[in-house]
Amino acid sequence: MLPPVSGPPDPDGNDCVACGRCCHHGPRTVHLLEADEARMGKRLLELYTDLETKPPYMRFIKNAGDRCGGLDVSVVGQYPCAIYASRPEDCRIVEPASPACLEARSLGHLGSSLGFARQR
Ligand code: SF4
Ligand code: SF4
């Protein structure tokens, strides 16, 4: 995980690439529903997601260690999402300066005390 970031971010998301805290989380955090799968398409689904082999066969974004596998970490200190335009609805819930965002920045990773997870 990353160190906390102090202060509130730009509500328009201009601090997100330099932050990336909400994209640091454990496996089985970002799950996909049918609309997410349709948006991503076959190629991105194969690259970035895993379908569970047991009922209820949920599909999740793959993890890479302590972070989301969709995070592009090719540039040190920069955390763009490699699939930003196609990212699942779970990710869109965490808007810049929202309570879940502020919690992630204070923890250095996505927290669990605020309503990140949608109804399943
Ligand atoms: S924690 Fe907030 S500022 Fe940081 S990347 Fe996520 S939404 Fe953006
Ligand atoms: S898919 Fe993109 S926005 Fe969602 S957690 Fe992963 S890197 Fe972050």
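Throughout, numbering of the chain's residues begins at 1 and tracks the sequence. Whatever order the structure lists ligands and atoms in, that order sets their numbers, starting from 1. Reckoned from all heavy atoms, side chains included, excluding hydrogens, waters and symmetry mates.
In terms of protein heavy-atom proximity, atom 2 (Fe) of ligand 1 is nearest to Cys101 SG, 2.2 Å. When only non-hydrogen protein atoms are considered, atom 4 (Fe) of ligand 1 lies nearest to Cys19 SG, 2.3 Å. With respect to atom 8 (Fe) of ligand 1, the closest heavy atom belonging to the protein is Cys16 SG, 2.3 Å. For atom 5 (S) of ligand 1, the closest non-hydrogen atom of the protein is Gly20 N, 3.5 Å.
Counting the atoms of ligand 2 from 1 in the order shown, those under 4.0 Å from a heavy atom of Gly70 are 7 (S). Near Leu71, meaning under 4.0 Å from any of its heavy atoms, are these atoms of ligand 2: 7 (S). Heavy-atom contacts of Cys91 reach the following atoms of ligand 2: 1 (S), 3 (S), 4 (Fe), 5 (S) (cutoff under 4.0 Å). Against a heavy-atom cut-off of under 4.0 Å, Cys22 is close to the following atoms of ligand 1: 1 (S), 5 (S), 6 (Fe), 7 (S). Every atom of ligand 1 is numbered from 1 in the order shown, and the set under 4.0 Å from a heavy atom of Arg105 is 1 (S), 3 (S). Atoms of ligand 2 found under 4.0 Å from any heavy atom of Cys68, numbered from 1 in the order shown, are 1 (S), 5 (S), 6 (Fe), 7 (S).
For the pair Arg39 (side chain) and Arg87 (backbone), a donor-acceptor distance under 3.5 Å is present. Counting only distance, with no hydrogens or angles, the side chain of Arg105 and the backbone of Gly7 share a donor-acceptor pair below 3.5 Å.
The heavy-atom pair separating Cys19 from Leu2 by the smallest distance is O-CD1, 3.8 Å. For Cys23 against Leu71, the heavy-atom pair with the smallest separation is CB-CD1, 3.7 Å. Taking both residues in full, the closest heavy atoms of His25 and Leu110 are given as CB-CB, 3.9 Å, listed atom of the first, atom of the second, then distance.
Residue contact annotation: Cys23 places no N/O/S atom under 2.8 Å from atom 2 (Fe) of ligand 2.
The hydrophobic cluster containing Leu47 also contains Met40, counting ILVMFWY residues as joined when their side-chain heavy atoms lie under 4.5 angstrom apart, directly or transitively.
In Pro9, the part holding a heavy atom less than 4.0 Å from any atom of ligand 1 is the side chain.
Assignment of His25 to the shell around ligand 2 is supported, since a heavy atom sits closer than 4.0 Å.
Residues Val30 and Cys91 are in side-chain contact: their nearest non-hydrogen atoms beyond the backbone lie under 4.5 Å apart.
Using bins of under 30°, 30° to 60° and over 60° for the plane-to-plane angle, the ring pair Tyr79/His24 lands in the perpendicular bin.
Atoms OG1 and CG, from Thr29 and Asn63 in turn, are 6.0 Å apart once rounded to the nearest 0.5 Å.
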